[in-house]
K.L.:
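Please read through the structure below; I'll follow up with questions.
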Amino acid sequence: MELPTSFTDYTCALLGDEDYAKLETVLGQEQPVSIRLNKLKIDSEKAINDQLNRVPWCTSGFYLQGRLTFTFDPMFHAGCYYVQEASSMFVEQALNQYVGEDPVVMLDLCAAPGGKSTHVCSILPEGSLLVANEVMRNRSQILAENLAKWGYPGVIVTNNDPADFSLLEDFFDVILTDVPCSGEGMFRKDPVAVSEWSSENVEVCWQRQRRIISDIWPCLKPGGLLIYSTCTYNTKENEENIRWIRDEFDAEILPLIVPEDWNIMGNLLPDENFPVYRFLPYMTKGEGFFLAVLRKSDTSSTIEDLNSAFVKTLVSSKGRKPQRKGVKTPGISKEQLLALRKWLFMPDNYEFMVNVNSVSAFPNTYFTELSTLQTSLRIVQAGVKLAELKGKDWIPDHALSVSLALRPDAFPCEEVTYEQAITYLRKEAVVLSDTASRGIVLLTYKKIPIGFVKNIGNRANNLYPQEWRIRSGYLPETVKIIMND
């Protein structure tokens with residue numbers, strides 16, 4: 001790999017000749033492959049091969065022995081695991097060490113394709129709300145797909161610029177800003193990052209990052225947490241930005257408890273020693289990554305601010321009662337609504353919303369927050385898309401089949417073979433056994449739901465989303481499956 005001269009000169013001066021030589025060597029080697037299991041759906045202790053090594057800083061992260069054909073693993077499409085770079089799983093440490101047991105409202109500001117968002121869904125306190133945002137419209141659709149497959153119902157996906165959040169003052173308990181960066185830590189993973197890198201782009205990036213933080217900082221509650229991360233090495237986008245946030249917003253930079261044998265490097269500024277965490281691929285098994293945790297000061301809050309915060313706490317605290325018990329269901333009959341409610345586990349926990357010819361179910365404890373977000377943001381999806389109206393019938397949406405909100409006995413189930421599962425995921429017609437129930441049937445693979453069909457006897461109409469189908473024409477004769485039987 002031929003690296004830009006200006007990158008080599010700067011990084012060599014930053015790390016020293018000996019460490020830079022190690023970095024350059026490892027960038028020419030094959031990158032490690034890692035996955036993170038969805039512990040909301042599977043038991044990682046039973047599902048994973050004993051020979052796989054754990055990612056030290058992530059309770060559900062594992063290194064694979066090589067890259068597999070994930071596209072042809074039904075468990076991947078069912079949201080049982082996510083293929084994620086190991087270093088970025090370190091976000092778990094920030095949340096585990098500074099978020100308590102009470103539910104929180106969290107924003108993942110730059111969320112696509114969804115690695116950190118799906119991770120957050122697995123480790124936030126039960127009953128928390130995640131707002132996952134992506135500024136690019138096409139990437140926000142990918143984000144919504146990945147979060148739907150992960151199955152956590154307390155999610156809102158938005159498609160907005162950070163500046164669009166300006167009206168949401170003191171709204172979020174936690175904000176994750178995995179800001180767009182120069183991508184130096186992705187050189188081994190993405191060769192395009194090398195060709196696109198320039199010292200001029202680094203200058204553009206650190207200024208853009210400060211604009212993003214300036215736009216979103218007012219949305220953080222007093223005492224709230226900001227998690228700042230990049231996948232780059234230089235101090236301009238990392239330590240210097242953290243110092244700027246500290247000085248500009250009177251923020252407190254928080255330390256994390258990190259074992260020495262994780263080999264995570266600290267602050268590289270010669271005149272500062274505040275705690276930051278830098279992953280270098282010759283020291284840790286992963287790609288380049290940087291993270292810092294900051295707390296917003298609450299000492300400047302006035303009595304009026306505190307009273308306002310108290311009122312908001314009444315709206316969003318653990319164990320609160322919903323603000324309204326009615327259902328927002330224009331265009332659907334009471335009988336139809338009752339039928340749809342039977343599809344959900346604990347239906348009283350959800351608000352039902354009709355949008356043209358579809359119905360979604362959203363956690364009613366956060367309906368006030370959703371209403372507030374709808375006034376200023378572009379909502380891609382909120383909660384679980386429950387059903388679509390086709391003709392006179394409400395047909396269950398695929399998102400329901402992979403959601404934790406689905407009642408286990410809501411539909412008759414049919415266990416399918418690997419070949420049948422791949423046929424289904426290709427959006428092709430599936431033939432079920434003669435004993436299969438007629439009508440809507442939930443297909444399972446290794447007892448994990450993978451989607452709905454409408455069984456009419458001689459064939460089963462495939463209800464898998466057309467835009468999610470496996471498009472590749474190559475089906476390997478032998479596919480290595482990650483999950484044990």
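Predicted model, so just to flag it, every value in this text is computed and none were measured. Quick note: numbers below take in every heavy atom, side chains included, and nothing from hydrogens, waters or symmetry partners.
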K.L.:
If we only count heavy atoms from C-beta on, is the Asp73 to His77 side-chain gap below 4.5 Å?
P.N.:
no

K.L.:
For Phe290 together with Tyr277, are the ring centres under 6.0 Å from each other?
P.N.:
no

K.L.:
Would you say the side chain of Cys231 lies within less than 4.5 Å of the side chain of Cys181, judging by non-hydrogen atoms?
P.N.:
yes

K.L.:
Can you list the residues that meet the side-chain hydrogen bond (donor to acceptor under 3.5 Å, both in side chains) rule with Asp190, with sequence neighbours excluded?
P.N.:
none

K.L.:
Any heavy-atom pair between the side chains of Ile42 and Ile448 that's under 4.5 Å?
P.N.:
yes

K.L.:
Going by side chain to side chain donor-acceptor pair (under 3.5 Å), name the pairs with one or both residues in residues 149-158, residues two or more places apart or in two chains.
P.N.:
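Matches after skipping sequence neighbours: Ser122-Trp150, Asn133-Thr158, Glu145-Lys149.
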
K.L.:
Can you tell whether the side chains of Glu287 and Lys189 come within less than 4.0 Å, N to carboxylate O?
P.N.:
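Lys189 and Glu287: not salt-bridged.
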
K.L.:
Just grab all the side chain to side chain donor-acceptor pair (under 3.5 Å) pairs involving residues 448-461, residues at least two apart or on different chains.
P.N.:
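As it turns out, the side chain to side chain donor-acceptor pair (under 3.5 Å) pairs with a partner in residues 448-461, which skip direct neighbours, are Arg459-Asn461.
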
K.L.:
List for me each residue that meets ring pair (Phe, Tyr, Trp, His ring centres under 6.0 Å) alongside Phe411, sequence neighbours excluded, and say none if there are none.
P.N.:
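Once residues adjacent in sequence are excluded, the partners of Phe411 under the ring pair (Phe, Tyr, Trp, His ring centres under 6.0 Å) criterion are Trp343, Phe452.
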
K.L.:
What pair of heavy atoms forms the shortest contact from Leu167 to Ser376, and how long is it?
P.N.:
CD1-CB, 4.1 Å

K.L.:
May I ask you to decide if Ala112's main-chain N or O and Arg139's side chain share a donor-acceptor pair within less than 3.5 Å?
P.N.:
yes

K.L.:
So do the side chains of Asn355 and Ser360 get within less than 4.5 Å of each other, counting heavy atoms only?
P.N.:
no

K.L.:
Using the test ring pair (Phe, Tyr, Trp, His ring centres under 6.0 Å), find all partners of Phe362 that sit at least two apart in sequence or belong to another chain.
P.N.:
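So Phe362 forms no ring pair (Phe, Tyr, Trp, His ring centres under 6.0 Å) with any residue.
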
K.L.:
Is the distance between the ring centroids of Tyr81 and Phe76 under 6.0 Å?
P.N.:
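For Phe76 and Tyr81, the ring centres are under 6.0 Å apart.
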
K.L.:
Closest heavy-atom contact between Met89 and Gly61?
P.N.:
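Closest heavy-atom pair between Met89 and Gly61: SD-CA, 3.8 Å.
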
K.L.:
For Glu196, check side chain to side chain contact (heavy atoms under 4.5 Å, CB included) against everything at least two apart and list the hits.
P.N.:
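So Glu196 forms a side chain to side chain contact (heavy atoms under 4.5 Å, CB included) with Val192.
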
K.L.:
Applying salt bridge (charged side-chain N to carboxylate O under 4.0 Å, His left out), can you list everything that pairs with Arg469, at least two apart in sequence or on another chain?
P.N.:
none

K.L.:
For the residue pair Leu143 and Gly114, what are the closest heavy atoms and their distance?
P.N.:
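Scanning both residues completely, I find the closest heavy atoms to be CD1-CA, 3.6 Å.
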
K.L.:
Sub-3.5 Å donor-acceptor pair from the side chain of Thr444 to the main-chain atoms of Pro449, do we have one?
P.N.:
no

K.L.:
Judged by atom type as modelled, is there a donor-acceptor pair below 3.5 Å linking the side chain of Gln93 to the main-chain atoms of Trp57?
P.N.:
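Looks like yes, one N/O pair under 3.5 Å.
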
K.L.:
Mind checking whether His398 and Tyr464 have ring centres under 6.0 Å apart?
P.N.:
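Between Tyr464 and His398, which both carry aromatic rings, the centre distance is below 6.0 Å.
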
K.L.:
Please tell me whether Gln336 and Ser333 have a donor and an acceptor in their side chains that are separated by less than 3.5 angstrom.
P.N.:
yes

K.L.:
Which residues pass the side chain to side chain contact (heavy atoms under 4.5 Å, CB included) test with Ile142, not counting sequence neighbours?
P.N.:
Pro113, Asn146

K.L.:
Any heavy-atom pair between the side chains of Met106 and Leu124 that's under 4.5 Å?
P.N.:
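Contact flag for Leu124/Met106 side chains = yes.
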
K.L.:
Would you mind reporting whether Phe165 and Leu107 have side-chain heavy atoms less than 4.5 Å apart?
P.N.:
yes

K.L.:
Distance-only, no hydrogens or angles: does the Arg438 side chain make a donor-acceptor pair with backbone N or O of Ala436 under 3.5 Å?
P.N.:
yes

K.L.:
Can you name the nearest heavy-atom pair linking Ala193 to Phe187, along with the distance?
P.N.:
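Closest approach of Ala193 to Phe187: O-CE1, 3.5 Å.
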
K.L.:
Tell me the closest heavy-atom pair linking Arg208 and Pro180, and the distance in Å.
P.N.:
NH1-CB, 4.0 Å

K.L.:
Checking side chain to side chain contact (heavy atoms under 4.5 Å, CB included) between Leu226 and each of Ile213, Leu254, Val293, which is the one that passes?
P.N.:
Ile213

K.L.:
Show the numbers, then the answer: is there a side chain to side chain donor-acceptor pair (under 3.5 Å) between Ser88 and Gln84?
P.N.:
CA-CA 8 Å; Ser88 65; Gln84 184 179 1; 3.1 Å; yes

K.L.:
Would Lys221 and Phe171 count as a cation-pi pair here, with the cationic atom under 6.0 angstrom from the ring centre and within 45° of the axis?
P.N.:
no

K.L.:
Check whether any side-chain N or O of Asn462 sits under 3.5 Å from a backbone N or O of Tyr424 as a donor-acceptor pair, and report yes or no.
P.N.:
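Checked: pair present.
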
K.L.:
Let's go through Glu351 and Tyr366 carefully: what are the C-alpha distance in whole Å and the side-chain angles of both, what is the deciding distance for side chain to side chain donor-acceptor pair (under 3.5 Å) to 0.1 Å, and is it a yes or a no?
P.N.:
CA-CA 9 Å; Glu351 196 79 34; Tyr366 289 107; over 6 Å; no

K.L.:
Does Glu92 use its side chain to pair, donor to acceptor, with the backbone of Thr59 at less than 3.5 Å?
P.N.:
yes

K.L.:
Kindly write out the residues that satisfy side chain to side chain contact (heavy atoms under 4.5 Å, CB included) with Asn159, not counting sequence neighbours, or none if the list is empty.
P.N.:
Arg137, Ser140, Arg378, Val380

K.L.:
Under 3.5 Å, side chain of Ser34 to main-chain N/O of Tyr63, donor-acceptor pair present?
P.N.:
no

K.L.:
Between Val104 and Leu129, is the side-chain contact (heavy atoms from CB on, under 4.5 Å) condition met? List the steps.
P.N.:
CA-CA 6 Å; Val104 297; Leu129 174 69; over 6 Å; no

K.L.:
In terms of side-chain geometry, is the basic nitrogen of Asp298 or Lys296 positioned less than 4.0 Å from the acidic oxygen of its partner?
P.N.:
no

K.L.:
Using the side-chain contact (heavy atoms from CB on, under 4.5 Å) rule, take Met346 and Arg407 through it: C-alpha gap first, then chi angles, then the decisive distance, then the call.
P.N.:
CA-CA 8 Å; Met346 301 180 69; Arg407 202 182 82 199; over 6 Å; no

K.L.:
Just checking, is any N or O donor in the side chain of Asn263 or Thr284 under 3.5 Å from an acceptor N or O on the other one?
P.N.:
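Result is no, nothing qualifies.
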
K.L.:
Could you work out, with salt bridge (charged side-chain N to carboxylate O under 4.0 Å, His left out) as the rule, every residue matching Arg36, not counting sequence neighbours?
P.N.:
none

K.L.:
For Glu30, look at atom CD and say whether over 12 heavy atoms of other residues, nucleotides or ligands are found less than 6.0 Å away.
P.N.:
no

K.L.:
Please list all pairs passing the salt bridge (Lys or Arg N to Asp or Glu O under 4.0 Å) test where one or both residues lie in residues 76-86, with sequence neighbours left out.
P.N.:
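Every candidate salt bridge (Lys or Arg N to Asp or Glu O under 4.0 Å) pair involving residues 76-86 fails, so no pair, neighbours aside, qualifies.
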
K.L.:
If only atom types and distance count, is the side chain of Arg188 paired as donor or acceptor with the main-chain N or O of Gly286 below 3.5 Å?
P.N.:
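Checked: pair present.
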
K.L.:
Quick one, Ile332 and Trp394 - any side-chain contact, counting heavy atoms below 4.5 Å?
P.N.:
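Contact flag for Ile332/Trp394 side chains = yes.
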
K.L.:
Look only at the side chain of Lys285 and the backbone of Val55, and say whether a donor-acceptor pair between them is shorter than 3.5 Å.
P.N.:
no

K.L.:
Please check if the side chain of Tyr350 supplies one atom and the backbone of Pro363 the other of a donor-acceptor pair under 3.5 Å.
P.N.:
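Checking the backbone N and O of Pro363 against the side chain of Tyr350, no donor-acceptor pair under 3.5 Å is found.
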
K.L.:
Should the heavy atoms of other residues, nucleotides or ligands under 6.0 Å from CD1 of Ile257 be counted, would the total exceed 12?
P.N.:
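12 or below, so no.
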
K.L.:
Evaluate the side-chain proximity of Leu147 to Cys121: yes if any heavy-atom separation is below 4.5 Å, no if none is.
P.N.:
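Sidechains of Leu147 and Cys121: in contact.
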
K.L.:
For the residue pair Ser433 / Thr435, report whether a side-chain donor-acceptor contact shorter than 3.5 Å exists.
P.N.:
yes

K.L.:
For a quick test of reading the model, state the closest non-hydrogen atom pair linking Pro74 to Ile450 and the distance between them.
P.N.:
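In terms of heavy atoms, the two residues are closest at O-CG2, 4.4 Å.
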
K.L.:
Would you please name every residue forming a ring pair (Phe, Tyr, Trp, His ring centres under 6.0 Å) with Phe172, sequence neighbours left out?
P.N.:
none

K.L.:
Pick out which of Leu294, Val99, Ile175 makes a side chain to side chain contact (heavy atoms under 4.5 Å, CB included) with Leu225.
P.N.:
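With Leu225 as partner, Leu294, Val99, Ile175 yield a single side chain to side chain contact (heavy atoms under 4.5 Å, CB included), made by Val99.
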
